[in-house]
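Every chain is numbered from 1, with letters handed out A, B, ... down the list of sequences.
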Protein chains: 6
Amino acid sequence: MAEQAIYFEDYELGHVRVTSGRTITETDFVVHAGHTGDFFPHHMDAEFAKTTPFGQRVAHGTMIFSIGVGLTASLINPVAFSYGYDRLRFVRPVFIGDTIRTRVTISAKEDDPKRTGSGRVVERCEVLNQRDEVVLAADHILIAERRASGA
Amino acid sequence: MAEQAIYFEDYELGHVRVTSGRTITETDFVVHAGHTGDFFPHHMDAEFAKTTPFGQRVAHGTMIFSIGVGLTASLINPVAFSYGYDRLRFVRPVFIGDTIRTRVTISAKEDDPKRTGSGRVVERCEVLNQRDEVVLAADHILIAERRASGA
Amino acid sequence: MAEQAIYFEDYELGHVRVTSGRTITETDFVVHAGHTGDFFPHHMDAEFAKTTPFGQRVAHGTMIFSIGVGLTASLINPVAFSYGYDRLRFVRPVFIGDTIRTRVTISAKEDDPKRTGSGRVVERCEVLNQRDEVVLAADHILIAERRASGA
Amino acid sequence: MAEQAIYFEDYELGHVRVTSGRTITETDFVVHAGHTGDFFPHHMDAEFAKTTPFGQRVAHGTMIFSIGVGLTASLINPVAFSYGYDRLRFVRPVFIGDTIRTRVTISAKEDDPKRTGSGRVVERCEVLNQRDEVVLAADHILIAERRASGA
Amino acid sequence: MAEQAIYFEDYELGHVRVTSGRTITETDFVVHAGHTGDFFPHHMDAEFAKTTPFGQRVAHGTMIFSIGVGLTASLINPVAFSYGYDRLRFVRPVFIGDTIRTRVTISAKEDDPKRTGSGRVVERCEVLNQRDEVVLAADHILIAERRASGA
Amino acid sequence: MAEQAIYFEDYELGHVRVTSGRTITETDFVVHAGHTGDFFPHHMDAEFAKTTPFGQRVAHGTMIFSIGVGLTASLINPVAFSYGYDRLRFVRPVFIGDTIRTRVTISAKEDDPKRTGSGRVVERCEVLNQRDEVVLAADHILIAERRASGA
């Protein structure tokens, strides 16, 4: 895992990157249920799922969020930290066998009201499936140091 | 797991429930890293973590969110579904050995602009540690059918 | 997880409840083998399994027991504890993709020879598959406090 | 894993074997909870556990049974199968860090009422901790072919 | 697990044993990726894999090595230890659903230049698939005490 | 995960890189045992381990190899593939709580006898612990296309 200091000034509005992909397997469903304790039949009971509009088990929203975010974790930025997420939405179901990847767009840069030496960078995170459909979206708020702050 | 139909009208503003607790173990750190692919040294490298202000490994934010939400998954409501989360914030670090539980407060009820037969219920979710400190907060948006909708 | 005190007197002979369901996946086979160290080819070797009368891998008996019991773990009763199980029987094989749920019937209530303040409640546990066939059965012995015991 | 045909006649009443040992870790608690869905605070909440008579988390009974049985799974006997268990008892608590092994004693041999070509062998299984205390006991019923049956 | 002292003199050149088999599942792919942090799309992205010459996901080489070696771990030899491996080669891809077993041949016996009381035994390890094709090979170097060394 | 074509000519003899670190936890021991089926008491039985010269459980060699290699998996090189490893040696024991990272040195470049369009690159992989001691070493053989090969 590489480390690289990226300052507030370095983030370029509109910049887009797309992660590598990962197939969501039945194993991931079982691991996530066991990890979180959420064994709702929508995720875990194939017979019940046949009776729902989707006709099959659907992935936990928290799993697609966690894996979708995990796919972006390839570069350590020692001058930034994660503040939280806004507008996290579960847009479409994800089924066993779907392959997801995450598109990250720098969608906003703002002053940080509490930290003059830093700024807020909003990363629009969209998790896509193999048909390029958005299945989950969220705005990641990153607090990044200003280059000037070290002056 | 019990199932119970809870309609929009049934949600009571200000109602509070607190889940049972769960100790976050080193195992959970390892499972979450392996599940998401996020092996950042802040979570996984005890030697590196000694050099940070926290002095020890900190839990992934997505893990505390996923487990915190999972703790609430005890009752299936067939007339509601999860729309998403607003204002997800990582308020305090969670360390190995901390014990979390989730406090859910019905904080708002609103018309759903797109679905006249349903309404939006906002569940304020606060994940607490063993010192009753909030470590993570988020507003869960639930779309619940109106009782009248079935009339 | 809800907590509710249920005393010996509260258990009603003949009362039946059925849990929600869970599909037994290949993942569960692999997890259980790894958890217990039992890698017998009947469970783990698809080629070998083709040569057996079942023609496919069969689930570990201890897994169906553990998951079947786990499905019933939805309510904490602080005035009872688990003493053990009698007549645990592996009635039918469970295959990858089968969906199980557990039917619990209060089948007997007896004095506890060693504890006058408590009584024994026998829960007949039957694990059913998606065709309502019993695949595993066992009599769970619960020691529950008598309401009078607190008088 | 070795395979060896052991017929009903070959089992020697009173024969004892003891398996190798295995330390029960916090990881095993987390894996078993996730595998079975049983997240009862007695097993998973260290703060709650401090308030109980044991003062710490106790292992799931089904876990000690599953691992205790798993420890015996070292030799495949193609002429026998597992019928079930009688008198499964949770004798003492198992804590994180305890080391268990299983002692198997051939305690009875009986005709099988339904299968003239086979007999029933009872293996008394006792799971011991590092102080040689029995923590769990059960009578394993094995149906083994009679050597004569192939004549 | 049985224990048996096998001295340098006891290893017989040309002796061959074959382990029991194990089917490599999609679960194993997910577990190994999560265990090692190697989420390369060749192993984890079914859509990407369709575009490669193999047309499907291929197992991690380190997984087939680890499981292939693990299959041989059935007997503890207290008078030998593992020194390392030579000529580890990834000969053929392993796909989801393949069943492997390991063939171990005593291929060489040599003096140990540093330990007069011990000798080197080379175990030729070949991991085979269900078509008896070698998928991985390696020479395991074992340092075994000489029987005379205890004289 | 980034992708970058690195041709045979691009590998620079003597170039060194060091990965980020990872603490080897008791969880990793349990996961690896369960993944491979190797439950030898040296890895899994803390009581037994107290009686050995190391006085504690030691990590599986295949685990340190798999994780050590996994730490290097940060960049996909589409014009190279892994041929195998030579001289894999288990140099020092790894204990629970040790933190490892991998140092990769380009130690040799050779013609490939079978592929004129490619060459062999040897990556000397040394897994280090938190005291900078080598715990495992191996020579990774990479087959990389020559830039000229596409001409």
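Residues from residues 26-59 of chain F that place a non-hydrogen atom less than 4.5 Å from a non-hydrogen atom of chain D comprise F:E26, F:T27, F:V30, F:F39, F:M44, F:D45, F:A46, F:E47, F:R57, given in numerical order. Near-neighbour residues of residues 71-81 of chain F relative to chain D, defined by a heavy atom under 4.5 Å from a heavy atom of that chain, are none.
Under the side chain to side chain contact (heavy atoms under 4.5 Å, CB included) criterion, D:R87 pairs with C:D86, D:R89, D:D139, sequence neighbours left out. For D:R101, the salt bridge (Lys or Arg N to Asp or Glu O under 4.0 Å) criterion is met by D:D132, not counting sequence neighbours.
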